[in-house]
Amino acid sequence: MNAFQINYRRPAWLLAFALSAFLVGCGGSNDDAAVAGSGAAPPGVPPVVVDPAGAVCAGADCVPLGTAGNYVILSRAGVTNVPTSAITGHVGTSPIAAAALEGFALVLDASGTFSTSTQVTGKVYAADYTEPTPTNLTTAITDAGLAFVDADNKVLSIGDFTDVGAGNLTGLTLPAGVYEWSTGVAVDAAGTVTLTGSATDVWVFKISGGVTMNPGATVTLTGGALPQNVFWRTAGVAALDTTANLKGIVLSGSSVTLANGATVNGRLIASSAVTLIANTVTRPAP
């Protein structure tokens, strides 16, 4: 089956997102994420390699992010930030322009290809910056659409689960596998959902509604599980209330909203806008 052939049971937003991204066009990968830098080291000692893109899931069970994985936040409709946030990784928005990146006090680099911010340990890219940035972002948005489709079609041999907890994940311990809900999912205030598995295990959550992390709710990883191996594919809004903590890659067909003090160890990839209020968003460590 072609990646863009989705049967009638697939959510309409998924096809729309993927096809709209596909029709924008293609381009190369982000050069900052593709080229690793190294720190100084004494003679005979291998240098420390720093990967600006961070770690991504590897293996047949993973949802391939392509160049969308070069960004810790990637949005089609901009990123609104109420300072002070702390973001580790690159931020990108396309096809909307840099004016939709609010609250970062951006400083445009002399090259015109990216901006910097004291709140971002990384670079900030927008569709109206100098080439190759627009082309790279177009490719990343296209890759994000393909990731949505791949997640929707994902089936793992290690187990498939339907409507677990009737959408309430509070107190549950979930092994690796593909999970599908016909509703939204939520974790109660101060509640915890635990994902237990090894560093090679993968979780794919296919959610017809939204994701709601109530105040103080937490996603906990145990047994060596890694945030880059957890995928939250949601048709609705991914909303983290105050001091909530989420781990994993959010693939939202709508928007992502983080209330004051919420934290993410993973990536936020949204078809619409991303809203931040004094948040910490960190890409998975390489």
Side-chain angles (χ1 to χ4, degrees), residues 17-37 50-54 56 65-148 249-252 254-258 264 266-277 279-284 286:
F17 183 93
L19 289 181
S20 62
F22 176 77
L23 291 172
V24 174
C26 316
S29 62
N30 188 304
D31 54 346
D32 281 321
V35 180
V50 178
D51 179 1
V56 295
L65 297 179
T67 61
N70 292 343
Y71 305 86
V72 66
I73 301 176
L74 179 64
S75 165
R76 298 184 71 211
V79 182
T80 299
N81 171 51
V82 176
T84 302
S85 292
I87 300 167
T88 301
H90 299 322
V91 176
T93 189
S94 177
I96 204 163
L101 295 165
E102 302 178 12
F104 290 102
L106 295 174
V107 177
L108 185 64
D109 184 72
S111 67
T113 59
F114 66 91
S115 289
T116 59
S117 168
T118 58
Q119 299 176 77
V120 180
T121 303
K123 297 177 180 178
V124 181
Y125 298 91
D128 57 339
Y129 287 176
T130 302
E131 287 288 358
T133 296
T135 297
N136 292 342
L137 285 169
T138 293
T139 303
I141 292 295
T142 299
D143 288 346
L146 293 172
F148 274 74
I249 313 303
V250 175
L251 296 166
S252 174
S254 181
S255 59
V256 177
T257 62
L258 276 61
V264 174
R267 302 180 191 276
L268 303 176
I269 300 175
S271 178
S272 186
V274 174
T275 301
L276 308 175
I277 303 177
N279 304 120
T280 298
V281 182
T282 306
R283 57 164 172 71

Applying side chain to side chain contact (heavy atoms under 4.5 Å, CB included) to Leu258 and Val281, what does each step give before you reach the verdict? CA-CA 10 Å; Leu258 276 61; Val281 182; 4.0 Å; yes
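- Taking all atoms of both residues into account, the shortest heavy-atom contact from Ala147 to Leu65 is CB-CD2, 4.1 Å.
- With rounding to the nearest 0.5 angstrom, the CZ atom of Phe114 is 11.0 Å from the OG1 atom of Thr130.
- Remark: Asn279 engages no residue in a side chain to side chain donor-acceptor pair (under 3.5 Å) (not counting sequence neighbours).
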How far apart are the C-alpha atoms of Gln119 and Thr84, what are their side-chain angles, what is the distance that settles it, and do they pass the side chain to side chain contact (heavy atoms under 4.5 Å, CB included) test? CA-CA 7 Å; Gln119 299 176 77; Thr84 302; 4.1 Å; yes
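- For the pair Val264 and Val72, the minimum side-chain heavy-atom distance is 4.5 Å or more.
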Begin with the C-alpha distance, continue with both residues' side-chain angles, and end with the deciding distance and a verdict on side chain to side chain contact (heavy atoms under 4.5 Å, CB included) for Asn136 and Thr67. CA-CA 8 Å; Asn136 292 342; Thr67 61; over 6 Å; no
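- Side chain of Glu102 to backbone of Gly78: no donor-acceptor contact under 3.5 angstrom is found.
- The side chain to side chain contact (heavy atoms under 4.5 Å, CB included) test applied to Thr257 returns Val237, Ala239, Ser255, Thr275, not counting sequence neighbours.
- Annotation for Gly54 and Pro286: closest pair CA-CD, 4.3 Å, computed over non-hydrogen atoms.
- Residues satisfying the side chain to side chain donor-acceptor pair (under 3.5 Å) test with Ser115, not counting sequence neighbours, are Tyr129.
- Below 30°, between 30° and 60°, or above 60°: for His90 and Tyr125 the angle between ring planes is above 60°, a perpendicular geometry.
- In this structure, the separation between CD1 on Ile87 and OH on Tyr71 is 14.5 Å, given to the nearest 0.5 Å.
- Closest of all the heavy-atom pairs between Ala270 and Ser254 is CB-O, 3.7 Å.
- Taking every heavy atom of both residues into account, Ser85 and Leu276 meet most closely at OG-CB, 4.1 Å.
- Arg267 and Val56 make their closest contact through NH2-CG1, 3.7 Å (heavy atoms, listed as atom of the first residue, atom of the second, distance).
- Checked by atom type and distance alone, the side chain of Thr133 pairs as donor or acceptor with a backbone atom of Thr113 at under 3.5 Å.
- With rounding to the nearest 0.5 angstrom, the CG atom of Asp128 is 10.0 Å from the CG atom of Leu137.
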Between Asp109 and Thr116, is the side chain to side chain contact (heavy atoms under 4.5 Å, CB included) condition met? List the steps. CA-CA 7 Å; Asp109 184 72; Thr116 59; 5.8 Å; no
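- Ala68 and Ala140 get closest at one heavy-atom pair: CB-O, 3.6 Å.
- In terms of modelled atom types and a separation under 3.5 Å, the side chain of Thr93 and the main chain of Ser75 share a donor-acceptor contact.
- Note that the CG atom of Leu146 and the CD1 atom of Ile141 stand 11.5 Å from one another [nearest 0.5 Å].
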